[in-house]
J.: 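Below are the structure tokens for one structure; questions will follow.
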Amino acid sequence: QVRLVESGGGFVQAGGSLRLSCAAYGSTFRSNAIGWYRQAPGKQRELVATISSGGNTNYADFVKGRFTMSRDNTKNTMALQMNSLKPEDTAVYYCNVVLIHGEVTIPQFASWGQGTQVTVSS
């Protein structure tokens with residue numbers, strides 16, 4: 001079964017760091033772009049960062065300078081290093097294969113994984 005599994009979330013104080021991991025199963029996804037999304041309670045899911053098959057990254061303005069996305073194709077994993085965390089970063093974080101058309105990023109898997117919870121206290 002082709003799927004992506006998120007891990008690495010937790011509880012951290014403001015200013016702290018967490019490293020999330022997205023592991024791919026059933027396929028290598030080496031030729032695919034990957035996106036990290038998040039969804040806070042009562043809010044819509046939003047795009048946080050993307051990484052192309054070649055390693056080019058893009059970030060939402062609200063995480064620029066604080067989050068770094070990377071990928072290790074030998075391990076079939078993608079990571080999101082989150083530094084200087086803020087309470088407003090509290091959300092469930094998800095990864096998905098994405099298709100990027102200019103300014104538009106489209107998640108490819110209609111069924112999302114369970115995600116990983118990130119909670120930042122003030």
J.: Would Val48 and Tyr93 count as a side-chain contact (heavy atoms from CB on, under 4.5 Å) if you check the C-alpha gap in whole Å, the side-chain angles of each, and the deciding distance to 0.1 Å?
T.: CA-CA 9 Å; Val48 175; Tyr93 284 71; 4.3 Å; yes
J.: Output, in order, the C-alpha distance, side-chain angles, deciding distance and verdict of side-chain contact (heavy atoms from CB on, under 4.5 Å) for Glu88 and Phe62.
T.: CA-CA 10 Å; Glu88 51 264 45; Phe62 51 80; over 6 Å; no
J.: Specify the closest pair of heavy atoms between Ala33 and Ile100, including all atoms of both residues, with the distance to one decimal.
T.: CB-CD1, 4.0 Å
J.: Could you check whether any side-chain N or O of Gln108 sits under 3.5 Å from a backbone N or O of Ile106, counting only pairs where one atom can act as donor and the other as acceptor?
T.: yes
J.: Nearest 0.5 Å, please: how far is CE in Met78 from CZ in Phe29?
T.: 7.5 Å
J.: Any side-chain donor paired with an acceptor under 3.5 Å for Arg30 and Asn32?
T.: no
J.: Examine distances only and state if a side-chain atom of Arg19 and a backbone atom of Gln81 form a donor-acceptor pair shorter than 3.5 Å.
T.: no
J.: On a heavy-atom basis, which atom in Ser53 and which in Ser31 lie closest, and how many Å separate them?
T.: CB-C, 3.6 Å
J.: Step by step, would you call Gln13 with Val120 a side-chain contact (heavy atoms from CB on, under 4.5 Å)?
T.: CA-CA 5 Å; Gln13 290 188 331; Val120 185; over 6 Å; no
J.: State whether Tyr25 and Arg3 meet the cation-pi test: NZ (Lys) or CZ (Arg) under 6.0 Å from the six-membered ring centroid, and within 45° of the perpendicular axis.
T.: yes
J.: Hydrogens and angles aside, do Asp72 and Thr77 bring a side-chain donor and acceptor to less than 3.5 Å of each other?
T.: no
J.: Can you name the nearest heavy-atom pair linking Ala14 to Ser122, along with the distance?
T.: CB-CA, 4.3 Å
J.: Measuring from atom CZ of Arg45 to atom OH of Tyr94, what distance do you get when rounded to the nearest 0.5 angstrom?
T.: 5.0 Å
J.: Between Ser17 and Asn83, what is the shortest heavy-atom contact and its length?
T.: OG-OD1, 2.9 Å
J.: Is the ring centre of Phe67 less than 6.0 Å from the ring centre of Trp36?
T.: no
J.: Do any N or O atoms from the side chain of Arg38 and from the backbone of Thr90 form a donor-acceptor pair under 3.5 angstrom?
T.: no
J.: How long is the gap from CZ on Phe109 to SG on Cys95, to the nearest 0.5 Å?
T.: 9.5 Å
J.: Does the side chain of Leu18 come within less than 4.5 Å of Val118's, by heavy atoms?
T.: yes
J.: Determine whether a donor-acceptor pair (N or O, by modelled atom type, separation under 3.5 Å) exists between the side chain of Asn76 and the backbone of Ala24.
T.: yes
J.: Quick check: do Val97 and Ile34 have side-chain heavy atoms less than 4.5 Å from each other?
T.: yes
J.: What pair of heavy atoms forms the shortest contact from Arg66 to Leu85, and how long is it?
T.: NH1-CA, 3.9 Å
J.: If you define the side chain from C-beta out and look only at heavy atoms, does anything of Ile51 sit under 4.5 Å from Asn56?
T.: no
J.: Could you measure the distance from the OH atom of Tyr59 to the CG atom of Leu80? Nearest 0.5 Å is fine.
T.: 7.5 Å
J.: Ion pair present between Lys86 and Asp89, side-chain N to carboxylate O less than 4.0 angstrom?
T.: no
J.: Mind checking the CD-CD spacing from Gln117 to Gln39? Nearest 0.5 Å is all I need.
T.: 11.0 Å
J.: Would you compute the distance between atom CG of Leu4 and atom OG of Ser27 and round it to the nearest 0.5 angstrom?
T.: 9.0 Å
